There are 2 protein chains.
Amino acid sequence: MPSTRTANRPSKLLDGAVGVTTPRSVNEIFEVLRDAVVSQRLSPGVQLKEQPLASAFGVNRAAIRQVLAKLANCKLAVHRLNRGVFVASPSREEAVSIFHARRVVETAIIELAVERMDAHGLRELRTIIAQEQAGYLSGKLREASKLSVQFHRTLAQKAGNSVLEQFLEEIVARTPLVVLSFNVTDNLGCEGGEHAKIVDAIEARDAALAVRLLHEHLGHLENKLAFDEHLQPDELERAIFHSLGSAND
Amino acid sequence: MPSTRTANRPSKLLDGAVGVTTPRSVNEIFEVLRDAVVSQRLSPGVQLKEQPLASAFGVNRAAIRQVLAKLANCKLAVHRLNRGVFVASPSREEAVSIFHARRVVETAIIELAVERMDAHGLRELRTIIAQEQAGYLSGKLREASKLSVQFHRTLAQKAGNSVLEQFLEEIVARTPLVVLSFNVTDNLGCEGGEHAKIVDAIEARDAALAVRLLHEHLGHLENKLAFDEHLQPDELERAIFHSLGSAND
DNA sequence: CAACAAATTATTGTTGACGATTTTGTTAGG
DNA sequence: CCTAACAAAATCGTCAACAATAATTTGTTG
């Protein structure tokens, strides 16, 4: 039984996140963990223990504590008194709220993007789409999924409203938790050219079409989820299997 | 020059917030400080020093540190390296983003509220409106302003989408900072019965009317602000005048 | 063999102290 | 009189250790 005192290795959770250098700042650790959620490397219900995280990132527990406070503030984690913080397990109601809110926020973003998009932004978006498609074709689903998220993020950025951009970021970060809680088919985001069509509509300044395409796009994602079959009870099992810091191999 | 070591008094910032009992939990302190922002007891640019806050709330600096991390996460405060955290001073761009995002979010909330509002919710809203009007008539502007915020909060709650509710909460919390940064006329929220008309439209299930009334309502607030005259440079002056923990009387 | 109870372990919550960086106040020089 | 270098204070950033609570294991008993 290995003691958790000795600096346990960076714990595969961070494999695809950051190279080797240990980040120091609270914000960097926060973004790494949020990225771990977005990339589905952190599953709902997993406990985020302080000492293992501190060892993994090479910082003190106090710093981790601030990170966990921020994660809980974003609703990406829940804090149980004297028990620790756990990755959030969205309920069915939260899930539908998240998807509805996403329609609201991203619709507004699209409408702004149609007004303000410039040639540089269009190029940037199409570059991301190309990389995303290449990722799907080469079988790199993780990377492609991340690029899909990056597409929506960049779109929000080009809309030029920092508040809506932040809201979309929060929604996008919580969506993977919903997918992991309710999805059965593990392939998500593998739509054929829907992003490209949206960009075309934006370039044509056709707001109505762009919004319609977006709604169809989001609808496809929602339809992949099985809201009836709730695999919530598995929460604890997943938690112990993905338990951070118990890597004994 | 009094030393900040000795437990300085609860620092009038908390006068209207909580009775006497010192809250213990991080979340409670966070909400007290957020409420202080909403109530305009904390001005943009004010430094939130850790030791005075810890003394005021009767907790350790570590707890305050988590609170400040959450405040920074909500964009209610900014964190400067090795310099501390300060109450946010929204720029003009942030201000217009906040107002635009509010239109987007609260429009969606109104539409949901029209669908889902019940008799109990209507009573609750009208009770708040009555108290708000009474507050205005009796000259208690602070309390009335708080009730005005409470109206929008309750409306969001009755819409039944927790994500949109949280988004509106964040917007509402940041709005006072915008007002303090750009407003010249200090009377805000003293509209005559606009809230009541919105509730009437909701009761009549007239979504279009309710949305139109809401937009007019928000437009009145925006028109009160002088976005041209930027009193941003005063940041430092306000900071030193409202400096927390230097109460020497 | 199952169920209950006590002891052990592990994790969180809290506290205090130390070093680093920035800011402020002072002083010498132009 | 103003400017620049220097000294002092204050604040943040980091860390290690202690106390309290919950979970786990072990031992006992019906």
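Residue numbers start from 1 in every chain, and the chains themselves are labelled A, B, ... in the order their sequence lines are given, proteins ahead of strands. Nothing here was measured: the structure is a model prediction, and the numbers come from that model.
- Atom C1' of nucleotide dA23(D) and atom CZ of Phe86(A) are separated by 11 Å, given to the nearest angstrom.
- Paired with Leu76(A) under the rule side chain to side chain contact (heavy atoms under 4.5 Å, CB included), one option of Leu48(A), Leu42(A), Leu71(A), Leu33(A) passes, and it is Leu71(A).
- One finds a side-chain N or O of Gln47(A) lying less than 4.0 angstrom from the OP1 or OP2 phosphate oxygen of dT12(C).
- Going from atom CD1 of Ile64(A) over to atom C1' of dG13(C) covers 16 Å, rounded to whole Å.
- Rounded to whole angstrom, the span from the CG atom of Leu81(A) across to the P atom of dT12(C) amounts to 12 Å.
- Atom NZ in Lys49(B) sits roughly 17 Å away from atom P in dT22(C) (whole-Å rounding).
- Applying the 4.0 Å criterion to OP1 and OP2 of dT12(C), one finds that Arg65(A) has every side-chain N and O outside that range.
- In this structure, the CD atom of Gln66(A) is 11 Å from the C1' atom of dC12(D), given to the nearest Å.
- In this structure, Asn82(A) places its CG atom 8 Å from C1' of dA22(D), rounding to the nearest Å.
- Applying the 4.0 Å criterion to OP1 and OP2 of dG13(C), one finds that His79(A) has a side-chain N or O inside that range.
- Residue Arg83(B) has no polar side-chain atom (N or O) positioned under 4.0 Å from OP1 or OP2 of dT21(C).
- Here the side chains of Arg142(B) and Arg41(B) are in contact, with some heavy-atom distance below 4.5 Å.
- The residue Asn60(B) sits close to a base: some heavy atom pair falls under 4.0 Å.
- Put simply, the side chain of Glu94(A) gets close to the backbone of Ser91(A): a donor and an acceptor are under 3.5 Å apart.
- What separates CZ of Arg61(A) from P of dA17(D) is a distance of 13 Å, to the nearest Å.
- What separates CZ of Phe57(A) from P of dT14(D) is a distance of 15 Å, to the nearest Å.
- With Ser145(B) contributing its side chain and Leu141(B) its backbone, the two residues share no donor-acceptor pair below 3.5 Å.
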